[in-house]
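To keep things clear, I will list the structure first and then write my remarks on it.
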Protein chains: 2
Amino acid sequence: MRDEAPWLDEAEMTTWLALIGVVMRLPGALEVQLRRDADLNHFEYSVLVGLEHAEGGTMRMSDLAFLCNGSLSRLSHVARRLENEGLIERFACPDDGRSTLARLTAPGRERLAQAAPGHVRLVRDLVFDELDDDETRQMGELAKRILARIQS
Amino acid sequence: MRDEAPWLDEAEMTTWLALIGVVMRLPGALEVQLRRDADLNHFEYSVLVGLEHAEGGTMRMSDLAFLCNGSLSRLSHVARRLENEGLIERFACPDDGRSTLARLTAPGRERLAQAAPGHVRLVRDLVFDELDDDETRQMGELAKRILARIQS
DNA sequence: CCTGCTTCATTGAACCTTCAACCAACCTAG
DNA sequence: CTAGGTTGGTTGAAGGTTCAATGAAGCAGG
């Protein structure tokens, strides 16, 4: 309850409405394409992408959850679904008995290949085709600083 | 399947990871405060705020759904909950028999007053304390242009 | 005026996420 | 070595969102 301005000024409000608009609508826009092309939602897609970029297609559940911006519980449920579909597999970590490792399977890579081209095209359509190089850098820097605050 | 670069370049990827990070994590961060201070989720809060800013605290369901960046179906479910709690009321539109109007009640305003100070403080903490005036304007402009593409 | 199309809104079922409880493995101070 | 705390992960239940179906009301052409 420190002495702060009671609400946002006009410039801040304009920015906030645009930002929250993107935040609320972007996931839905992405999921339409992912569902259509590969029957995945955005979180499932990011799990598969996360594993694809990892050494040996393998990552600890905790690290994967953080990378995908989701809770461990959420990942655990999603991993069960993905495992039942054969897109990933899980096994105990040899180094730490508490940890579980998740690995991308060959069918998982295939599914990713189904989704990726359309996904990239959409991301370009919605974001990068609108921004020049300098604006892209600018947006990245600002988002990164805001993200750092959210994560802290 | 037009001839496009197969994936994002490094600058684009950096920007995308930061942006999607904000998109995935911001709602959760906001909801912690709203749930604690007023037992609302972010969508419910934005519904109440939308009505508060409207003439006579009243708005058509469709317009409200668009303003809140949600589907009409989602709003319909949420409106039922809010109405059961007495925070809003719904009634037929006199001008158009298809439309329903939603109005903010006095208890709704009270609930909003419970949530708002903490919400503003949090929005400042996460976003505007990190940005100077020029960056705020910059972010607003970029987000607005991206949002326009998502909405189209 | 009546037929078919579109808009506005609600509903139930399926699905997904969150929350809290739980358990096992690790770590560390005494 | 062991009791207590921390970390990593899973689970079931509760709650929220999406999707498709439904229906009422408006509108436009013949």
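Numbers restart at 1 for each chain; the letters A, B, ... are given by sequence-line order, proteins then strands.
- Taking atom CG on B:Asn69 and atom P on D:dT17, their separation rounds to 13 Å, with Å as the unit.
- Atom P of nucleotide D:dT11 and atom CG of A:Leu72 are separated by 12 Å, given to the nearest angstrom.
- When the P atom of C:dC8 is taken as reference, atom CZ of B:Arg98 falls 6 Å away, rounded to whole Å.
- A donor-acceptor distance shorter than 3.5 angstrom exists from the side chain of A:Glu135 to the backbone of A:Asp132, with no hydrogens or angles considered.
- Summarising the geometry of A:Asp39 relative to A:Arg111, their closest heavy-atom pair is O-NH1, 3.8 Å, with the distance given to 0.1 Å.
- Side-chain atoms of B:Thr58 do not come within 3.5 Å of backbone N or O of B:Arg103 as any donor-acceptor pair.
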**Request:** Mark up nucleotides 12-20 of chain C, 5' to 3', with B wherever a protein heavy atom is under 4.0 angstrom from a base atom, S wherever such an atom reaches only the sugar-phosphate, and - elsewhere.
**Result:** B---SSBB-
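- With hydrogens and angles ignored, the 3.5 Å screen pairs no side-chain donor or acceptor of B:Ser76 with any backbone N or O of B:Leu72.
- The distance between atom CZ of A:Arg25 and atom P of D:dT18, rounded to the nearest whole Å, is 12 Å.
- For the pair A:Glu31 CD and D:dC19 C1', the interatomic distance rounds to 13 Å; values are reported in whole Å.
- The CZ atom of B:Arg80 sits 13 Å away from the C1' atom of C:dA9 (whole-angstrom rounding).
- For D:dG8, one of the phosphate oxygens OP1 or OP2 lies less than 4.0 angstrom from a side-chain nitrogen or oxygen of A:Arg60.
- When rounded to the nearest whole Å, the span between CG of A:Leu101 and C1' of D:dG8 equals 12 Å.
- In this structure, B:Ser76 reaches the bases: a heavy-atom distance under 4.0 Å links it to at least one base atom across the strands shown.
- Dashed line: the shortest gap from a side-chain N or O of A:Arg90 to OP1 or OP2 of D:dT10 is under 4.0 Å.
- Considering all non-hydrogen atoms of both residues, A:Ala79 and A:Ile88 come closest at O-CD1, 3.7 Å.
- The interatomic distance linking A:Asp39 (CG) with D:dT18 (P) rounds to 17 Å, in whole Å.
- Here the side chain of B:Thr15 pairs no donor or acceptor atom with the backbone of A:Met139 at under 3.5 angstrom.
- Salt bridge annotation for B:Arg81-B:Glu85: absent, with no cationic side-chain nitrogen under 4.0 angstrom from a carboxylate oxygen.
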